[in-house]
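What follows is a set of notes on a single structure, which appears directly below.
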Amino acid sequence: MDRTEAQLKRRLNEDQELNYPDFEQMWGRMEQAGYTSSKGGSRAGANSQVRHRNWRKITVAASFSVVLMAVPVYAAVQYDWGNLLNHRSGVQAALSKNLGQPLGQTITKDGVTLTLHTALSDENRTVILYTLDVGGDKGNGYWDVNGMSLKDAKGNNDEMESHYQQWDEKTKRYNGYFETDWSLGQEMVKVSLTATGIQSYSQQEVELKLDTDSPERQSFPVNRDGLESFSVQPFKEGNERLMLSTAAIFNDPGARGVASPQIIAYRGGQLVNNSKPGTMGKPGDNGEYTSLQYYKPGDVPKTETTYKLSYTKLERNIAGPWAFDFELSKKQMSGATLKTALDLPLEAGDKGNIIEQMVVTPTQVRVQVRSKEKYADLPYVNYTLEVDGRQLEGGMWYSPSQDKNLTTLRFERPAGLEITTATPMALVAKYKVTTHEDDKEPLLLKNISAEKQTMIRQTGGYPVQWTYYKQGNDLYVETKSDDPNFGGVNQTHIGKGKDALIGSIVTTNFRGDGNNRNIDVYKDFKGTEASIYMFYYTTNEPDKETRVQLQGQ
């Protein structure tokens, strides 16, 4: 963050055009976040002739042996994973075809057992399914595997690794799912799956006397479980939205990576759900753990609502390493993989975003789009893949380790969907968001004080409301428009050149979410006037659509 801001300030000094990164979407992506080898094989062969009368007996016996040897393999692949794979239809489809590679490795420490069951590896990703047995009932807390990573013999791995697990009440253990973008460079590779530890956690709550009618930041000492203090600043927008900006300060670095502190609201003793997804874990200016949460004011009336700080506490740690060594194979999957080179514009006349390649595997379809700009936002928000009349919903993925000009669209492949080189396939993109950098005129903020002042300014043909005021020593600048086709002002800066100030973003919005309200804060602002500039703004076309035929008719 600091390096990026320094680069921006240098460009301001040089009076160059600015392309400021969309930090909100970056954090969204990051949030995006809101997750031995007892291999067996059998081979039939005969080096000598057998007499005719023994042929049937030998054949039957050999077939029976193969069936017996295949039973544990089949059982490992066909394990009941409950609801774990509900959003991984491609993995379910591959397992239903018996394409998984059985692993069957187990490690037990201090009464806790981690077992690797099945692996699937293709051109798109590697998935490993595991179970965690904690010795019966999990109690009131929960368990997790920490620091899971897959590496080859040289220690190489992919940065995009994730895992997810859920409690299975029927079997009284956790079902787990590990995924990485790392794919084998050859059919067989020796790898290690390691975990730094296995921990159990509990959820803690602390009552907060929070006044949501006050716009001031309210601080609450905690001083327990490594959490020093917690502060909340309410932002209320009439009867439409209550945003709570929170910041946590830790006196134990170990607790920081565990706690995930957040606000919990209770109305009449019943939990109140957030009105929209927020963000968690964005670093503050001084290293605080900051978050944003949203409520509808009508859901949390002042006289009926109590607020609590909720955070996670580490109860037990079974240190690793938990290490599994095995040979990973993509032999079964590679035979059903199709790669198609493409050179198609995402939409007519778009030379900046070209569909470059499609990769079809038994678990997934990936469509890669190359952009002229690094870390570019594709112009559309929602993506669907039409495959022979079936609709596959997908999304955009960015990987720090991959080509910086490449964006990947991923689509899970459902069971029973056959795809060949002749299968009609089309990419459909909807809801266009366009970035504009044409408004470089400053807006003069006059008589800056604690009193809120509002101005209306036309931007790109849309009326945009600018509200500014001081709260303590800090200047707040809010922008919004009543026209939903205005996507919002990304970020602002005061002045140009070496003395320019870059606003810190308070809100977190996502492209196409229908919210164009943004708030910037300038800490310790001095003065009563300021010339304020925007880096860029966006506009929305919810009904705009593009369709690209990838193959077939």
Side-chain angles (χ1 to χ4, degrees), residues 1-27 217 233 235 245 247 282-288 290 292 373-377 434-460 462 464-481 486-509 516-539:
M1 283 286 216
D2 295 338
R3 185 177 66 179
T4 304
E5 292 203 1
Q7 291 172 344
L8 289 166
K9 294 195 76 170
R10 186 181 70 247
R11 294 186 70 184
L12 280 166
N13 295 339
E14 297 170 355
D15 277 339
Q16 294 181 14
E17 293 296 310
L18 299 174
N19 294 311
Y20 200 72
D22 187 348
F23 284 125
E24 306 323 303
Q25 193 166 35
M26 285 185 185
W27 286 111
R217 180 165 288 277
Q233 184 173 13
F235 292 86
S245 172
K282 181 178 177 181
D285 292 338
N286 299 305
E288 308 94 328
T290 72
L292 293 176
E373 296 183 8
K374 294 180 180 179
Y375 304 113
D377 287 320
T434 304
T435 299
H436 304 270
E437 301 180 10
D438 55 340
D439 193 335
K440 298 299 181 183
E441 292 299 316
L443 179 65
L444 182 61
L445 310 182
K446 298 180 180 180
N447 303 318
I448 297 172
S449 67
E451 180 182 353
K452 287 189 176 183
Q453 299 180 69
T454 299
M455 294 182 290
I456 302 294
R457 173 180 172 175
Q458 293 292 318
T459 299
Y462 299 93
V464 180
Q465 178 179 300
W466 292 71
T467 300
Y468 60 97
Y469 55 94
K470 286 195 75 174
Q471 217 166 265
N473 295 323
D474 304 331
L475 169 64
Y476 287 83
V477 179
E478 302 183 13
T479 57
K480 69 172 186 177
S481 176
F486 184 77
V489 173
N490 168 260
Q491 197 169 10
T492 62
H493 59 96
I494 292 177
K496 299 177 73 175
K498 64 180 181 179
D499 296 323
L501 300 175
I502 298 174
S504 295
I505 301 174
V506 175
T507 49
T508 299
N509 299 332
N516 60 31
R517 185 190 186 209
N518 290 279
I519 304 175
D520 284 356
V521 61
Y522 294 86
K523 297 287 187 180
D524 298 318
F525 180 83
K526 296 177 175 57
T528 58
E529 288 191 354
S531 291
I532 192 164
Y533 300 78
M534 69 177 75
F535 285 103
Y536 63 80
Y537 66 94
T538 60
T539 56

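Just so you know, these numbers come straight off a predicted model, no measurement behind them. The analysis underlying the following values was restricted to heavy atoms, covering all of them including side chains, and did not include hydrogens, waters or symmetry mates.
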So does E529 have more than 12 non-hydrogen atoms from other groups sitting under 6.0 Å from CD? yes
*Tell me, do K282 and I505 make a side-chain contact under 4.5 Å, heavy atoms counted?*
yes
In this structure, CG of D438 is separated from OG1 of T459 (nearest 0.5 Å) by 9.0 Å
Between P442 and S531, the two heavy atoms sitting closest are CB-CB, 4.1 Å
| query | Within a strict 4.5 Å, meaning less than it, do heavy atoms of the T479 and M534 side chains meet? | reply | no
Between S481 and F486 the two heavy atoms that sit nearest each other are CB-CD2, 3.8 Å
Review point. Counting distance only, does the side-chain N/O of Y468 pair as donor-acceptor with the main-chain N or O of K446 below 3.5 Å?
Key: yes
When rounded to the nearest 0.5 Å, the distance separating CG of D524 from CG of N473 is 5.5 Å
Review point. With a 4.5 Å heavy-atom cut-off, do Y476 and K452 have their side chains touching?
Key: no
K470 side chain to F525 backbone, donor-acceptor under 3.5 Å: yes
Here the gap from L501 atom CG to D520 atom CG, rounded to the nearest 0.5 Å, amounts to 12.0 Å
Let me see the working for N447 and T528 under side chain to side chain contact (heavy atoms under 4.5 Å, CB included), right down to the final yes or no. CA-CA 5 Å; N447 303 318; T528 58; 5.8 Å; no
**Report entry** Aromatic plane relationship, H493 with Y533 - under 30° parallel, 30 to 60° tilted, over 60° perpendicular
**Finding:** parallel
- Query: V477 versus I494: any side-chain heavy-atom pair under 4.5 Å?
  - Reply: no
query = Taking the side chain as C-beta and beyond, is there a heavy-atom pair between T454 and E478 under 4.5 Å?
reply = no
Point to revise | L475 side chain near I448 side chain, heavy-atom distance below 4.5 Å | key: yes
Original post:
Counting distance only, does the side-chain N/O of Q491 pair as donor-acceptor with the main-chain N or O of G503 below 3.5 Å?
Top reply: yes
Rounded to the nearest 0.5 angstrom, the CG-CE distance for L443 and M455 is 3.5 Å
query: Is the side chain of S245 donor-acceptor paired with the backbone N or O of Q233 at a distance under 3.5 Å, no angle test?
result: no
(Q) Donor-acceptor check, side chain of N490 to backbone of Y537, threshold 3.5 angstrom: yes or no? (A) no
**OP:** Mark yes or no for whether T434, through its side chain, and T539, through its backbone, hold a donor-acceptor pair below 3.5 Å.
**Re:** no
Rounded to the nearest 0.5 Å, the CD atom of Q453 sits from the CG atom of L445 at a distance of 8.5 Å
- Message: Please determine whether a side-chain nitrogen of the Lys or Arg among D474 and R217 lies less than 4.0 Å from a carboxylate oxygen of the Asp or Glu.
- Response: no
> Any sub-3.5 Å donor-acceptor pair from E441's side-chain atoms to D439's backbone N or O?
Replying inline: no
- Query: Mind checking whether I532 and W466 have side chains closer than 4.5 Å, heavy atoms only?
  - Reply: yes
